Each structure stands twice: as C-alpha cells, then as structure tokens.
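These numbers were taken from a predicted model, which means no experiment stands behind them.
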Amino acid sequence: MVKSYVKFSTPASVQAKVLQAIETARNSGGSLRKGTNEATKAIERGDAKLVAIAEDVDPEEVAMHLPGLCTDKRVPFCYISSKRDLGKAAGIGVGSAAIAIASPGNAEALLKEIFS
C-alpha cells in the first residue's frame, strides 16, 4: 500500500545513489540530520542539501509534512523504500523515517550526479 505522503516514485537506481551519498557523507566528515525532527529543523533553517524520506513510515503522519516543507523551502527530496535501509546508510542501528544531508563532505559529486 502506498502511503499518502509519497507523491512520486523514486527509481531504484536513484535510491541506491542517494543511500551511497548518505554513507559517503557520513564516512567523510559530512553532516547528516537523522530522524524526522532533525530533518525538519535542517529544512527550516536552510541547511538541508537533500532529504531522503522512507516510504514505509508508520504512522504516516510522522513524515506527512516533509514533502510539502521541502517543496516550500526548495529543498530536493526523494523517497527510499525502507526506513531500515535509510538508517543503515546513516550509520544507526535502527530505521529512520528521514535523513537530511546538511554537509555532503566527499558526496558532493554524487549529489551533482543525482540532481542532473
């Protein structure tokens, strides 16, 4: 079942690049904001370069505001199939509803590739 906050489908190849960008940012001294609250703050402050939102958030109200906020603040965002994959890429042992890349570190080239 598709959640109401999922506005479009992100191709698997793009999801893989986004997860790789999150891992690269984490491993190269970049800055990640983990979780819905931290991602929301990064978007509102203008710090977020890219926001990844999990498609399997339950209850969906937890992540429902993120696509609209990203659109309003002109922050690029995409959807990742699994919050477990998102949490793993961010280096945490649990799933995460959202991750914002605030500082990409060595993932700058990957972000340019994703945006093109």
Shortest non-hydrogen contact from A21 toward L111: CB-CD2, 4.3 Å

Nearest atoms (heavy-atom pairs only) where A42 meets R33: CB-CG, 3.6 Å

Shared hydrophobic cluster, F77 / V57 (ILVMFWY, side-chain heavy atoms < 4.5 Å): yes

side-chain contact (heavy atoms from CB on, under 4.5 Å) partner of V18, the single match among L50, T10, D85: L50

Point-to-point distance, once rounded to the nearest 0.5 Å, from OG of S9 to CD of E55: 6.5 Å

N/O donor-acceptor pair under 3.5 Å between Y5 side chain and G68 backbone: no

Main-chain N/O of T24 paired to N106 side chain as donor or acceptor, under 3.5 Å: no

Co-membership, hydrophobic cluster, residues V14 and L110, 4.5 Å side-chain: no

hydrophobic_cluster_shared for L86 and V2, side chain cutoff 4.5 Å: no

Same apolar cluster: L19 and F8, side chain cutoff 4.5 Å: no

Nearest heavy-atom neighbours spanning A52 and I80: CB-CG1, 3.9 Å

Contact check, side chains of I43 and D72, non-hydrogen atoms, under 4.5 Å: no

Under-4.0 Å salt bridge between D58 and K3: yes

For A102 against K49, the heavy-atom pair lying closest together: O-CG, 3.5 Å

Same apolar cluster: F115 and V51, side chain cutoff 4.5 Å: no

Side-chain touch H65/T36, heavy atoms, less than 4.5 angstrom: yes

Heavy-atom pair with the smallest gap, counting every atom of A54 and S96: CB-O, 3.7 Å

NZ/NE/NH1/NH2 to OD/OE distance under 4.0 Å, E38 and K41: yes

4.5 Å side-chain heavy-atom contact, L32 and I101: yes

